[in-house]
Amino acid sequence: MSDHSDEQQYDPATVEARWQAHWEKDKTFAVPEEAGDKPKFYMLEMFPYPSGKLHMGHVRNYSIGDVMARFKRARGFDVLHPMGWDAFGLPAENAAIKRGVHPADWTYSNIAVMRRQLQRLGFSYDWDRELATCDASYYRWEQAVFLDLLEKGLAYKKGGMLNWCESCQTVLANEQVDADGNCWRCGNPVIQKELEQWYLRITDYAQELLDCLGSMDGWPNAVTTQQVGWIGRSTGASIRFALSGDVPDGSDGVIEVFTTRPDTLYGCTFMSLAPEHPLTKRLAAGTEQEAAVNAFVDRMGRTDKADRTDAATEKEGVFVGRYAINPVNGREVPIYTANFVLADYGTGAVMAVPAHDQRDFEFATKYGIDKVVVIDPPGDATLDASTMTEAFVEAGTMVNSGTHDGTANEAGKASVIAELEEKDAGKGTVNFRLRDWGISRQRYWGAPVPVIYCDVDGMVPVPKDQLPVVLPKDVQIGGEGGSPLARHEAFWKTTCPTCGGPARRETDTMDTFMESSWYFMRYCSPHYEGGLVDPAMAARFLPVDMYVGGIEHAVMHLLYARFYTKILRDLGHIPAVDEPFTRLVCQGMVNHESYKDEHGEWVLPTDIDIRSEAVTVDGKETVVRRATHKETGREVSIGRIEKMSKSKLNTVDPETLIAHYGADTMRLFCLFASPPTKDLEWSDAGVEGASRFIGRVWRLVRRHTDALGPVAAYSGDGSDLDSDAVALRRAVHQTIVRVTVDVEERLQLNTAIAAVMELVNTLYKYEAAHTAEIGAGGVVSSVMVEALETVLRLLSPFAPHFTNELWEKMGRADVLEDVSWPEADASAAADDSIEIVVQIKGKKRASIAVAANADQPAIEAAALAAAAKWVGEAPPRRVIYVPGRLKHHSRLAPQKGVGHGYDRCAWEQRETRRPATNMTSPSCSTG
RNA sequence: GCCGGAGUGGCGGAAUCGGUAGACGCGACGGAUUCAAAAUCCGUUAUCCGAAAGGGUGUGUGGGUUCGAGUCCCACCUCCGGCACCA
């Protein structure tokens with residue numbers, strides 16, 4: 001009610017709106033057109049899918065990025081910090097089916113909502129660079145690149161068994177099927193379906209994609225190791241086995257296998273083909289096995305791939321009725337087809353060595369096939385195939401292997417390959433687990449593949465001057481299956497660019513990961529008409545210096561984007577860029593407690609009341625949190641802390657919280673509650689704490705602006721200050737160092753905020769002890785102003801609204817976005833007195849305060865005196881002096897003029913303390 | 001099974017190069033202010049023994065290296081993430 005308290009009370013809604021309007025009007029975050037003297041910094045966060053509204057994960061992701069963008073700006077960089085929309089994709093189509101909204105309308109209205117939410121959070125984006133991947137002005141360049149890839153043979157069409165999601169009605173790339181064989185997006189089971197589709201030859205780049213990982217120091221280990229595993233390089237040999245007997249139709253009489261164990265070739269006793277291998281049925285044709293093989297292959301074709309390739313599935317197979325000849329020992333081995341052999345890895349055929357491969361062992365045991373030992377364990381032991389219970393897969397010495405006998409098996413790999421090469425029956429080779437990237441999607445809401453089919457000329461690329469192939473808006477989107485484009489005659493009916501005759505357009509659209517593979521390039525020159533990126537702007541801004549996003553994209557988006565970067569480099573668009581993202585930060589998940597009622601149903605956090613109760617358990621008093629339902633009053637059980645998800649009803653809505661607390665509070669909480677790379681546990685009490693801190697700073701600054709009016713910050717050398725003021729300045733300048741290191745080097749934003757909180761606590765104490773002096777307007781006032789200004793400057797990247805408001809209230813004419821990052825004054829930050837901890841045998845026994853410039857003998861003397869009680873009369877046997885140890889700054893106490901421990905002195909006096917007669921110290925001896 | 005990551009007070013988390021474990025925040029408790037409450041401000045808060053001074057114990061478990069270990073080494077346990085019949 002009183003005007004004074006209103007003035008002291010911080011009102012986020014009005015203050016934040018004011019600054020957001022200012023940034024928008026002023027285009028504060030636009031990058032200068034021309035590159036000047038400043039270095040560039042390209043700060044990027046993964047752009048969102050416009051699903052409807054922001055969730056907490058977005059708030060956290062973008063808060064982290066915004067701190068870095070604003071910090072780098074203050075550090076003197078030209079910061080490129082764009083935002084846009086990953087706007088193609090299935091949810092738009094599903095919404096259309098469910099609610100009758102057109103995907104475009106749904107998408108653009110979601111974008112409008114989410115853009116407003118982002119602006120409401122005060123992020124420092126250059127909105128003039130905003131892009132949406134569903135705009136034809138964006139995807140036309142993707143289509144142009146596709147045509148280049150087609151020309152170079154890097155894009156091709158191939159039929160085969162594909163991952164198909166029945167629920168999404170489309171194919172999926174291998175990366176998009178999770179470990180349980182479910183769709184990455186909808187979670188429904190993925191089945192196999194025979195289809196033709198478009199692929200990009202990512203396998204051509206497998207080696208480079210792998211090689212570069214080794215030097216990508218700015219990426220988290222978790223991501224690079226995942227990518228290494230996904231690429232899955234293995235070295236071995238390809239070996240040609242000739243068929244025994246007459247050669248069946250359609251075969252050149254040879255079956256090639258890939259193995260990583262050429263050293264076991266002499267132990268090969270059969271061969272296994274994938275059921276889908278082109279020779280499987282042909283080999284069986286005309287033999288008495290024909291019917292059995294056909295039945296087996298057909299049955300496998302109907303079996304779910306996830307089940308078939310589950311390691312727990314029992315191995316089974318059928319003899320195909322023919323034999324192959326082992327090229328090194330001439331042994332005739334039976335050929336089987338087996339369920340566990342994968343058609344799309346290696347050649348789809350494997351040589352089987354049951355004694356040294358567990359899968360082959362199980363298969364051979366089941367079907368009574370010979371086992372031949374060719375590797376014996378190190379030492380004198382020899383293996384007996386008839387008594388083995390499992391395959392011997394470890395290193396050993398080669399036996400039964402002709403001239404290789406006695407060779408260590410590792411060396412034998414090379415010598416067997418040499419023998420194969422000599423006999424022209426094989427060679428050393430490398431295989432990758434990575435498969436080509438399937439990019440066709442049988443859906444509407446994506447970028448059309450720019451290709452036309454003509455009965456006369458076959459597949460004809462759309463001429464570049466006819467791009468873009470625009471996605472038509474007037475489509476019938478229904479759930480009846482098949483792509484809406486395939487039912488849209490005006491779209492697919494066209495004429496052949498070559499012969500002018502009637503032709504049909506490709507109705508597949510591209511995987512949305514295509515768009516997200518190069519959007520960061522388009523941001524460099526989003527309105528450029530001459531190509532996908534203006535070469536000058538690409539040269540100026542690429543690569544991205546820091547990229548922040550979720551780890552769920554470790555092998556999908558992040559692998560595709562790396563591949564696409566290399567493609568575009570080789571096409572000449574970005575000649576100097578090998579890798580897109582110099583530093584990658586994967587932020588942790590946002591988690592929240594989950595709640596269930598007595599029926600085991602999930603309950604919303606907003607529907608319950610939580611209270612703490614003191615209870616006595618086993619005579620010990622502890623605090624227990626209990627929850628009750630607001631409406632029913634029934635007890636609700638507090639469950640595990642889980643990732644926020646709609647299904648568990650444990651989400652919190654950013655919009656509501658922003659309306660209540662303001663953007664600064666939300667940002668501060670997200671950044672303070674845990675370091676960026678770790679999971680964050682949502683806590684309403686924690687949000688309150690962040691809000692309280694802002695209020696605390698607000699009141700502190702307002703008290704002084706009211707009392708003092710504009711006062712210049714202290715600029716002297718400290719010689720005119722008393723010890724308390726010197727100590728205060730020391731705290732200020734030490735905080736500058738801490739925050740700078742935490743943000744710039746460690747990306748430890750939580751401790752950066754904690755450091756400012758400490759400084760604010762110190763200021764409160766100083767204020768209480770020196771009210772009169774501060775109000776007097778003299779040098780002490782200016783020291784206080786220096787401190788307050790520093791707090792605002794250090795806090796501005798985290799909470800830019802209220803800091804700007806206070807900056808203005810302090811009488812500053814500029815805005816914090818134009819104020820450079822504070823520089824610490826080394827002499828002001830230096831301690832005059834430091835605390836030394838004295839350890840005896842590693843235990844802390846005393847601590848002494850010494851002058852910062854005290855030399856070692858003086859410190860040792862003081863330490864000895866302080867530790868006299870422990871050392872006794874005899875001199876210590878050994879003194880360890882550890883200079884220059886910076887310890888945490890937690891014990892700052894400016895009023896007392898006590899510094900903090902930079903040095904340490906440890907004492908050891910093993911023998912003198914414990915006489916040799918002490919039997920409990922056998923290791924001691926009298927010197 | 002293989003590959004990553006993590007385990008620290010009642011809770012979220014600090015501890016930068018092997019050198020004072022528990023910064024900062026939350027919660028709790030006490031005090032000030034208030035008619036009262038909220039808000040705010042101040043203080044206490046790992047644990048055990050002790051009136052205190054002081055001391056013992058303590059970073060998932062068990063060993064080891066070191067004057068000294070949350071931090072390094074060895075062997076485990078638990079949880080999270082990824083991959084998994086890739087020959």
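Quick note on labels: first sequence line is chain A, next is B, and so on, each numbered from 1. Computed from a predicted model, the values in this text were never measured in an experiment.
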Requested in this report: Can you tell me, in whole Å, how much space there is between the C1' of A51(B) and that of U59(B)?
Outcome: 32 Å
Query raised in the report: When rounded to the nearest Å, what value does the distance between P atoms of U78(B) and G60(B) take?
Result: 16 Å
Report task. Take atom P in U45(B) and the same atom in G10(B), then report the distance between them in whole Å. Result -> 15 Å
Mind listing the side-chain donor-acceptor pairs of residues 685-692 of chain A below 3.5 Å, one per line with the distance, residues two or more places apart or on another chain?
residue, atom, partner, partner atom, Å
Glu688(A), OE2, Tyr661(A), OH, 2.8

Requested in this report: Tell me what Ser683(A) touches on the nucleic acid: a base, only sugar-phosphate, or nothing, going by heavy atoms under 4.0 Å.
Outcome: nothing
Query raised in the report: Salt-bridged, Arg435(A) to Asp344(A), with N to O below 4.0 Å?
Result: yes
**Report entry** side chain to side chain donor-acceptor pair (under 3.5 Å) against Ser234(A), all qualifying residues, sequence neighbours excluded
**Finding:** Tyr345(A)
Report task. Kindly say whether Ala364(A) contributes a backbone atom to a donor-acceptor pair with the side chain of Lys371(A) at under 3.5 angstrom? Result -> no
Query raised in the report: Could you give the distance from CH2 (Trp230(A)) to CG (Leu559(A)), rounded to the nearest 0.5 Å?
Result: 9.0 Å
Requested in this report: Just label C17(B) as syn or anti from its O4'-C1'-N9-C4 or O4'-C1'-N1-C2 angle, using within 90° of 0 for syn.
Outcome: syn
Report task. Output all residues satisfying side-chain contact (heavy atoms from CB on, under 4.5 Å) with Ile417(A), sequence neighbours left out; order by chain, then residue number. Result -> Ala237(A), Pro262(A), Glu421(A)
Requested in this report: Nearest whole angstrom, please: distance from the P of G13(B) to the CD of Glu681(A).
Outcome: 7 Å
Report task. Measure the distance from CZ on Phe672(A) to P on C26(B) and round it to the nearest whole Å. Result -> 8 Å
Query - Backbone N/O of Asn591(A) and side chain of Glu681(A): donor-acceptor pair under 3.5 Å - result: no
Requested in this report: State, yes or no, whether a side-chain contact exists between Leu759(A) and Val739(A) at a heavy-atom distance under 4.5 Å.
Outcome: no
Report summary line: Base orientation of G68(B), chi within 90° of 0 counted as syn, else anti, reads anti
Query raised in the report: Within the side chain of His356(A), is there an N or O that forms a donor-acceptor pair under 3.5 Å with the backbone of Gly267(A)?
Result: no
Query raised in the report: Quick one: OG on Ser272(A) to CG on Asp360(A), what's the gap to the nearest 0.5 Å?
Result: 5.5 Å
Requested in this report: Take atom C1' in C29(B) and the same atom in C79(B), then report the distance between them in whole Å.
Outcome: 33 Å
Report task. Can you sort out the partners of Pro334(A) under side-chain contact (heavy atoms from CB on, under 4.5 Å), two or more places apart, ordered by chain and number? Result -> Phe270(A), Phe319(A), Tyr323(A), Tyr336(A)
Query raised in the report: Pro675(A) near the nucleic acid: base, sugar-phosphate alone, or nothing, with a heavy-atom cut-off under 4.0 Å?
Result: sugar-phosphate
**Report entry** Within residues 740-756 of chain A, residues whose heavy atoms come under 4.0 Å of RNA chain B
**Finding:** Arg746(A), Gln748(A), Asn750(A), Thr751(A), Ala754(A)
Got a list of protein N/O to nucleotides 78-85 of chain B N/O distances below 3.5 Å?
residue, atom, partner, partner atom, Å
G82(B), O2', Gln226(A), OE1, 3.4
C83(B), O3', Arg433(A), NH1, 3.1
A84(B), OP1, Arg433(A), NH1, 3.0
C85(B), OP1, Thr309(A), O, 2.6
C85(B), OP2, Thr309(A), O, 3.4
C85(B), O3', Arg359(A), NH1, 2.6
C85(B), O2', Phe340(A), O, 3.3
C85(B), O2, Lys315(A), NZ, 2.6
C85(B), N3, Lys315(A), NZ, 2.9
C85(B), N4, Arg308(A), O, 3.3
C85(B), N4, Thr313(A), O, 3.2

Report task. Could you state the atom-to-atom distance from CG of Leu671(A) to P of G25(B) in whole Å? Result -> 17 Å
Report task. Could you tell me the separation between the CD atom of Glu767(A) and the P atom of C41(B), rounded to a whole number of Å? Result -> 10 Å
Requested in this report: Determine: side-chain N/O of Arg738(A) to OP1/OP2 of C24(B), distance under 4.0 Å, yes or no.
Outcome: no
Report task. With sequence neighbours excluded, tell me which residues meet salt bridge (charged side-chain N to carboxylate O under 4.0 Å, His left out) with Lys413(A). Result -> Glu410(A)
Query raised in the report: Are Arg692(A) and A39(B) close enough that a side-chain N or O sits under 4.0 Å from OP1 or OP2?
Result: no
**Report entry** Pairwise C1' distance, G58(B) and G43(B) [rounded to whole Å]
**Finding:** 26 Å
Query raised in the report: Do Phe672(A) and Phe693(A) have their ring centres less than 6.0 Å from each other?
Result: no
Report task. Provide the distance between the two P atoms, one in G70(B) and one in U61(B), to the nearest whole Å. Result -> 12 Å
Report summary line: Quick note, salt bridge (charged side-chain N to carboxylate O under 4.0 Å, His left out) partners involving residues 232-241 of chain A, not counting sequence neighbours, are Arg240(A)-Asp424(A)
**Report entry** Nearest-nucleotide 5' precedence on RNA chain B, Glu688(A) against Gly346(A)
**Finding:** Glu688(A)
Query - A75(B) to G4(B) separation - P atoms, rounded to the nearest Å - result: 14 Å
Query raised in the report: What dot-bracket string describes RNA chain B from 5' to 3', counting Watson-Crick and G-U wobble pairs whose defining distances are under 3.5 Å, with [ ] for crossing pairs and | for pairs to another strand?
Result: (((((((..(((......[....)))((((((.......))))))((((....))))..(((((..]....))))))))))))....
**Report entry** Atom C1', compared across U33(B) and C42(B): separation rounded to whole Å
**Finding:** 11 Å
Report summary line: Whole-Å distance, Arg261(A) CZ to C86(B) P, equals 13 Å
Query raised in the report: Ile335(A) has an atom CD1; how far is it from atom P of A87(B), in whole Å?
Result: 22 Å
**Report entry** Residues in side-chain contact (heavy atoms from CB on, under 4.5 Å) contact with Thr313(A), at least two apart in sequence or another chain
**Finding:** Asp310(A), Asn339(A)
Report summary line: Taken in chain and number order and not counting sequence neighbours, the residues that satisfy side-chain contact (heavy atoms from CB on, under 4.5 Å) with Val177(A) are Asn163(A), Leu172(A), Val190(A)
Report task. For Met757(A) and A14(B), give me the distance from atom CE to atom P, rounded to whole Å. Result -> 14 Å
Tabulate protein N/O versus nucleotide N/O from nucleotides 68-74 of chain B, keeping only pairs under 3.5 Å, one per line.
none

Report task. Return the value, rounded to whole Å, for the distance between atom CG of Leu680(A) and atom P of G13(B). Result -> 8 Å
Report task. Please check the phosphate of C42(B) (OP1 and OP2 only) for any side-chain N or O of Tyr764(A) closer than 4.0 Å. Result -> no
Report task. Check every strand shown and say whether Arg435(A) touches a base, only sugar-phosphate, or nothing at a heavy-atom separation below 4.0 Å. Result -> base
Requested in this report: Name the residue closer to the 5' end of RNA chain B, choosing between Asp360(A) and Asn221(A) according to the nucleotide with the nearest heavy atom.
Outcome: Asn221(A)
